[in-house]
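Report on one structure; see the data block that follows.
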Protein chains: 2
Amino acid sequence: MGKTSYEVKAKFIRGFSDKTRLQILESIKNKEKTVSQIVDDLKGNQSNISQHLACLKGCGIIISRQEGKYIYYSLRNAEIAQLLDIMEAVFVQVEEEVAACERNDELDCCPKQ
Amino acid sequence: MGKTSYEVKAKFIRGFSDKTRLQILESIKNKEKTVSQIVDDLKGNQSNISQHLACLKGCGIIISRQEGKYIYYSLRNAEIAQLLDIMEAVFVQVEEEVAACERNDELDCCPKQ
DNA sequence: CACACATATTAATAATTGCTAATATGATAC
DNA sequence: GTATCATATTAGCAATTATTAATATGTGTG
């Protein structure tokens, strides 16, 4: 795989690497939702959610469709749902270790946020 | 899933969301390697690679073992390899769209790097 | 012990990211 | 057309991240 491809792939995966975006994905996983439904769901800020939705869409992770004044968002396809499931399954295996590392201030193990 | 869990999960996934780390993972996917082997492989900077390795380790994605003065790194387990494969498969589906978005300067679709 | 090599850590910096508040766009209903 | 509701965009800011150069640690060898 060429260097450029790694960059694009990293960008794609970065779509999944934020707690708010993960919550959005969970929220729309089984059923498409409007922006305001998602905002309610996450008790979040409308502008913030809107930006994360644009991000997810730009990463090819979700799609949207308009119906009147509402815009419905959903996962792009079944493969994305499957990827989420597998991420979850693998994550559960290492969760404790990752959480522990996060607490450890001496060892500066990269992504903190 | 609780809020904290989303944060930890996001951190775990963030381990995969960088082009250098993806290259490292590709490099050690089939065979454990020493730091200098990886540095050679990626034609990278030793300090930089070392930090990314610490990051991947902190995220529970890779493990290491020492043999004399060398330290060998490898994927944590087969599930991580499987996750990488599925990420790749799903990514290929949306690659063109993500790449296109990256070029589009008007639409500021989140993660750029 | 001194030297060479392998790897890790630190510090400084530039770039990216996520958040909030404010404003803009677009659609419907009256 | 104007008011209202849903969503998007913008700008500014605080925090995080990736990178590099320099230095430190640790391991084997003579």
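These values consider heavy atoms only, across backbone and side chains, with no hydrogens, waters or symmetry-generated copies. Here the structure is a predicted model, which is why all the values come from computation and not from measurement. Reminder, nothing fancy here: chain letters follow the sequence lines and each chain counts from 1.
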(Q) Between A:Ser27 and A:Gln23, do the side chains contain a donor N or O and an acceptor N or O under 3.5 Å apart? (A)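 The answer is no; no qualifying pair exists.
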Could you check how far [atom1] of [X] sits from [atom2] of [N], rounded to whole Å?
{"X": "A:Ile13", "N": "C:dT16", "atom1": "CD1", "atom2": "P", "result": "19 Å"}
{"X": "B:Arg14", "N": "D:dA18", "atom1": "CZ", "atom2": "C1'", "result": "13 Å"}
{"X": "B:Leu22", "N": "D:dA18", "atom1": "CG", "atom2": "C1'", "result": "14 Å"}
{"X": "B:Ile24", "N": "C:dT7", "atom1": "CD1", "atom2": "P", "result": "13 Å"}
{"X": "A:Leu53", "N": "D:dT9", "atom1": "CG", "atom2": "P", "result": "11 Å"}
{"X": "A:Ile71", "N": "C:dT25", "atom1": "CD1", "atom2": "P", "result": "15 Å"}
{"X": "B:Lys11", "N": "D:dT16", "atom1": "NZ", "atom2": "C1'", "result": "14 Å"}
{"X": "B:Gln66", "N": "C:dT7", "atom1": "CD", "atom2": "C1'", "result": "9 Å"}

Q.
Using a heavy-atom cut-off of 4.0 Å across all strands, would you classify B:Ser36 as base, sugar-phosphate, or nothing?
A.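 Counting heavy atoms under 4.0 Å across all strands, the contact made by B:Ser36 is with sugar-phosphate only.
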(Q) Heavy atoms only, 4.0 Å cut-off, all strands: where does B:Tyr73 land among base, sugar-phosphate and nothing? (A)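 Sugar-phosphate, backbone atoms only, no base.
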Could you run down the sub-3.5 Å N/O contacts of the protein with nucleotides 20-24 of chain D?
from: D:dT20; atom 1: O4; to: B:Gln51; atom 2: NE2; distance (Å): 3.0
from: D:dA21; atom 1: N6; to: B:Ser47; atom 2: OG; distance (Å): 2.7

Q: Let me know, please, whether A:Glu67 or A:Thr20 comes out on the 5' side of the other along DNA chain C by nearest nucleotide.
A: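 Its nucleotide being nearer the 5' end, the pick is A:Thr20.
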Q.
Taking the nucleotide of DNA chain C with the nearest heavy atom to each, does A:Lys69 or B:Tyr72 sit closer to the 5' end?
A.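 It is B:Tyr72 whose nearest nucleotide is closer to the 5' end.
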Q: Is it possible for you to say whether B:Tyr70 and B:Ile24 belong to one hydrophobic cluster, with membership spreading through side-chain heavy-atom contacts below 4.5 Å?
A: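 Per the 4.5 Å side-chain linkage, B:Tyr70 and B:Ile24 are not co-clustered.
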Q | B:His52 side chain near D:dT19 phosphate (N/O to OP1/OP2, under 4.0 Å) | A |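 Answer is yes, contact under 4.0 Å.
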(Q) Of the listed nucleotides (D:dT19, C:dC19, D:dC5), which one gets closest to any side-chain atom of B:Lys19? (A)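 The nucleotide sitting nearest to the side chain is D:dT19.
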Q: Assess whether side-chain hydrogen bond (donor to acceptor under 3.5 Å, both in side chains) is satisfied between B:Glu95 and A:Ser5, documenting all intermediate values.
A: CA-CA 8 Å; B:Glu95 178 164 13; A:Ser5 241; 2.9 Å; yes
**Q.** Qualifying residues under side chain to side chain contact (heavy atoms under 4.5 Å, CB included), relative to A:Glu67, sequence neighbours excluded
**A.**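 Expected list: A:Arg65, A:Tyr72.
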(Q) Here's a test for you: under side-chain contact (heavy atoms from CB on, under 4.5 Å), which of B:Glu32, B:Lys57, B:Arg76 qualifies with B:Ile62? (A)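 Answer after filtering B:Glu32, B:Lys57, B:Arg76: B:Lys57.
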**Q.** Pairwise distance CD1(B:Ile61) to CD1(B:Ile63) - rounded to 0.5 angstrom
**A.**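 Between B:Ile61 CD1 and B:Ile63 CD1, I get 13.0 Å after rounding to 0.5 Å.
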Q | Partners passing ring-ring contact (aromatic ring centres under 6.0 Å, His included) against A:Phe12 (at least two apart in sequence or in another chain) | A |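 Applying ring-ring contact (aromatic ring centres under 6.0 Å, His included) to A:Phe12 gives A:Phe16, B:Phe91.
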